[in-house]
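Comments concern the structure below.
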Protein chains: 2
Amino acid sequence: MVKITDVARHAGVSPSTVSYALSGKRPISEETRQRIEASIRELGYRPHAGARALASSRSNVLALVVPFRSGIHVPVVMQFAVSVVTTARQHDHDVLLLTQEEGEEGLRRVADTALVDALIVMDVQLHDARLPLLRALDRPSVLIGFPAEPAGLTCIDLDFAAAGGACVTHLAELGHRCVALVGSPPEVYLRRTGFAQRVTQGFTAAADERGLTSTVHPCEATPAAAQAMAERLLREHPELTGVVVHNEPVVQPLIDAFRRLGLRVPEDLSVVAICPDELAEQAPLPISSVAVPSARIGARAVELLMRKLDGLEVPEATMLPPWLTRRATTAPRT
Amino acid sequence: MVKITDVARHAGVSPSTVSYALSGKRPISEETRQRIEASIRELGYRPHAGARALASSRSNVLALVVPFRSGIHVPVVMQFAVSVVTTARQHDHDVLLLTQEEGEEGLRRVADTALVDALIVMDVQLHDARLPLLRALDRPSVLIGFPAEPAGLTCIDLDFAAAGGACVTHLAELGHRCVALVGSPPEVYLRRTGFAQRVTQGFTAAADERGLTSTVHPCEATPAAAQAMAERLLREHPELTGVVVHNEPVVQPLIDAFRRLGLRVPEDLSVVAICPDELAEQAPLPISSVAVPSARIGARAVELLMRKLDGLEVPEATMLPPWLTRRATTAPRT
DNA sequence: TCTCGTAGTCGAAGCGATTCGACTGGATCA
DNA sequence: TGATCCAGTCGAATCGCTTCGACTACGAGA
């Protein structure tokens, strides 16, 4: 293994000079820097991560805690993870993958052993057991999703309330008067996950404000449940002409089910989803939707963390505004 | 931060004794060990990961390189990643997440900086550009998937050829005489990814051996492509009564398409998939399938790596035998 | 002319663990 | 009874890098 002293000798300088040339923490003459860089290239030098971490008390590694349980759309998680890794690399950091299962002990472990400099936690519950720990930890963290009491934490997410509202507004502007929200599976509500409730709030508030009739229905993430839901909606709400779906796996099955029941989409029934753009675009009939911008959230989360690591102030709450794209599943009420 | 010298002082022993008590590399009297453990608990000591890595030249971190591009079923990747993390934790290791994008440079970086002790590489191509590097690296690795020339590497995967064969055998035993394989998207074949070709080989060989008529059709991973494929198959192969599908997103759409074309499944047409069990089980009509056991492969990959890290010999090739579960989409030919 | 600040560099002291060799005091064996 | 071995412990060296304080030389300001 080639080490910093080898480089130093080869370049005719001291090890500390090499270190400073690399980090830029002290001025080094252009000429010396050139010589050092040449030596590094020639010898193929790579600083030892452990040694660096020990000496600088910075590991340049971020922890990413991913959820893995029912009611969570896997591709969204994956896309998020990839964007975190990509963005972290742009800031010269790596990403350690932790599962939700490891729980608080896992967080404490990677923080206390100085294995990571900072943490990103996904799928935060309204009353998440990890919150006190995250507040107490000596390492910065960013949460994806908003707990009930976000004070003292840094949180980021799509503004789900506004997203729910945007869907209603879109339908209302198309003339619809009776709308329904098909939401996440019941267990997601039971876990009291923030985003599910926020969508509901935004949806209901917007509907009330505009004087629309509205109902809310949690729904299992299976085609069978979608079919049942479609039948029930038509039976219980004959007036229904607009549906908002916030449950990725069910979007397409639900549309299919309505069709099977004799309704034309969008002529008889308009459907708006809250889902990733790819899903909406790739559907047989492209779906009008509010994007769930996982990649952007991931990138932003990393940037917030970097700023915190640099000792800068960051906003406690970052809500990304919803962006609705009208595609082929919504039309004026006839 | 509490360090090993603090523990040593508190327990009335030397730092090295604490270290040996922790690692078990030298005998420590029961009584002393107790005392040390008590001190550790009381002080809340956690060994510093960087210091440990520096002194022992072991980081206890594995690299996991995940693919993220078209034609790859995301939930499979995710499930795999989670099982790798879980198994690694059982062996006291953590997992660093890398994306395919980082390429060879990324692998070299984490290996040369001693950030990781070993690597797991997914989605290996037949002539993967990373193979020479992996062979040359001073760190052990395990590949998921088989390249054309696996000598000198450790590879593991489902035995896809046998899986393709098992599907044909199953159909043949039910009396089917004309079968088709609906495979991965064309780009997967173009990339010359091993598993796609192996399924084809196993499928064709088994069909030939049993004297069945067989055809092979790559297929885009969209419902529209599934519909077109179903139409084409019926048009070109009126005799067709058995279909093998190796393309997760298309399984259900294809079955739906056949139904729309007036065929009953399984009465008129039997369908077997090669896909994760969850997908097969959760379908409206549970699908007969050969499981893609991502979780088991992930766990096994980690175990192989651990053995290599311990300096033990491991087999160069590990092929998990296919396991076919008959569910509701296959029936005897009528 | 004398200070003073600054660019550029060096040497040495850590950072917090692991590990190797050496030491001690019984128990074992001939 | 002396030689030998082993369990149990300690001290010191080491891992490879960062960083702090010091030093030199030089130009600017007074």
Side-chain angles (χ1 to χ4, degrees), chain A residues 1-37 39-40 43-61 92 109-117 138 309, chain B residues 1-37 39-40 43-61 92 109-117 138 309:
Chain A
M1 179 190 206
V2 32
K3 37 199 190 187
I4 201 170
T5 50
D6 300 328
V7 174
R9 198 174 320 118
H10 188 272
V13 296
S14 79
S16 52
T17 303
V18 176
S19 178
Y20 286 124
L22 245 33
S23 69
K25 293 192 178 174
R26 284 202 184 172
I28 298 290
S29 72
E30 186 53 27
E31 185 212 328
T32 312
R33 184 199 312 290
Q34 299 281 347
R35 210 149 21 93
I36 291 175
E37 280 169 5
S39 298
I40 288 179
L43 301 179
Y45 168 69
R46 300 275 199 170
H48 186 288
R52 202 198 260 270
L54 177 56
S56 67
S57 43
R58 281 297 200 96
S59 67
N60 275 34
V61 174
D92 196 31
R109 182 176 60 82
V110 295
D112 287 355
T113 59
L115 188 47
V116 306
D117 294 335
D138 57 337
L309 282 172
Chain B
M1 180 190 204
V2 31
K3 38 200 191 187
I4 201 169
T5 49
D6 300 328
V7 175
R9 195 174 324 116
H10 189 272
V13 296
S14 80
S16 52
T17 303
V18 176
S19 178
Y20 287 123
L22 243 35
S23 69
K25 294 190 179 174
R26 285 202 184 170
I28 297 290
S29 71
E30 186 53 28
E31 184 213 329
T32 313
R33 183 198 314 289
Q34 300 282 348
R35 207 147 25 88
I36 291 175
E37 279 168 8
S39 298
I40 287 179
L43 300 180
Y45 167 68
R46 300 275 199 169
H48 186 288
R52 201 198 262 269
L54 177 56
S56 67
S57 42
R58 281 296 200 98
S59 67
N60 276 34
V61 174
D92 195 30
R109 183 176 58 81
V110 296
D112 287 355
T113 59
L115 188 47
V116 307
D117 294 336
D138 58 337
L309 283 173

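Below, chain A is the first sequence line, B the second, and so on; all start at residue 1.
- Atom-to-atom, CG of A/Asn60 to C1' of D/dG16 comes out at 16 Å; the value is rounded to the nearest Å.
- With respect to the salt-bridge test (charged N to carboxylate O, under 4.0 angstrom), the residues A/Arg9 and A/Asp6 qualify.
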* Indicate for each nucleotide in nucleotides 4-10 of chain D, in 5' to 3' sequence, whether protein heavy atoms under 4.0 Å reach the base (B), only the sugar-phosphate (S), or nothing (-). => ---SSBB

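- Of all non-hydrogen atoms in A/Ser39 and A/Ala11, the two that sit nearest each other are OG-CB, 3.4 Å.
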* What do the steps show when you test A/Ser19 against A/Ser16 for side-chain hydrogen bond (donor to acceptor under 3.5 Å, both in side chains), and what is the final call? -> CA-CA 5 Å; A/Ser19 178; A/Ser16 52; over 6 Å; no

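- Set against D/dC17, D/dC15, D/dT19, the side chain of B/Leu54 has D/dC15 as its closest nucleotide.
- When the C1' atom of C/dC15 is taken as reference, atom CG of B/Asp6 falls 14 Å away, rounded to whole Å.
- If you measure from atom CE of A/Met1 to atom P of D/dC15, you get 12 Å, rounded to the nearest angstrom.
- If you measure from atom CD1 of B/Ile40 to atom C1' of C/dA17, you get 13 Å, rounded to the nearest angstrom.
- Residue contacts shown for A/Ser19 include a base, since a base heavy atom lies under 4.0 Å away.
- Shortest non-hydrogen contact noted between A/Met1 and B/Asp112 is CE-O, 4.2 Å.
- A/Thr17 and A/Ile28 make their closest contact through CG2-CD1, 3.8 Å (heavy atoms, listed as atom of the first residue, atom of the second, distance).
- A straight line from CZ of A/Arg52 to P of D/dC17 spans 8 Å, rounded to a whole angstrom.
- Contact annotation: B/Tyr45 reaches the phosphate of C/dA17 (side-chain N/O to OP1 or OP2, under 4.0 Å).
- Between D/dT19, C/dT19, D/dC17, one nucleotide has an atom nearer to the side chain of A/Lys25 than all others, and that is D/dT19.
- No side-chain heavy atom of B/Val13 sits less than 4.5 Å from a side-chain heavy atom of B/Tyr20.
- Counting heavy atoms from C-beta outward, B/Glu31 and B/Gln34 have side chains that stay 4.5 Å or more apart.
- The distance between atom CG of A/Leu115 and atom P of C/dC15, rounded to the nearest whole Å, is 21 Å.
- For A/His48 and D/dC17, the NE2 to P distance is 8 Å, given to the nearest whole Å.
- Between the CG atom of A/Leu22 and the C1' atom of D/dT19 there is a distance of 14 Å, rounded to whole Å.
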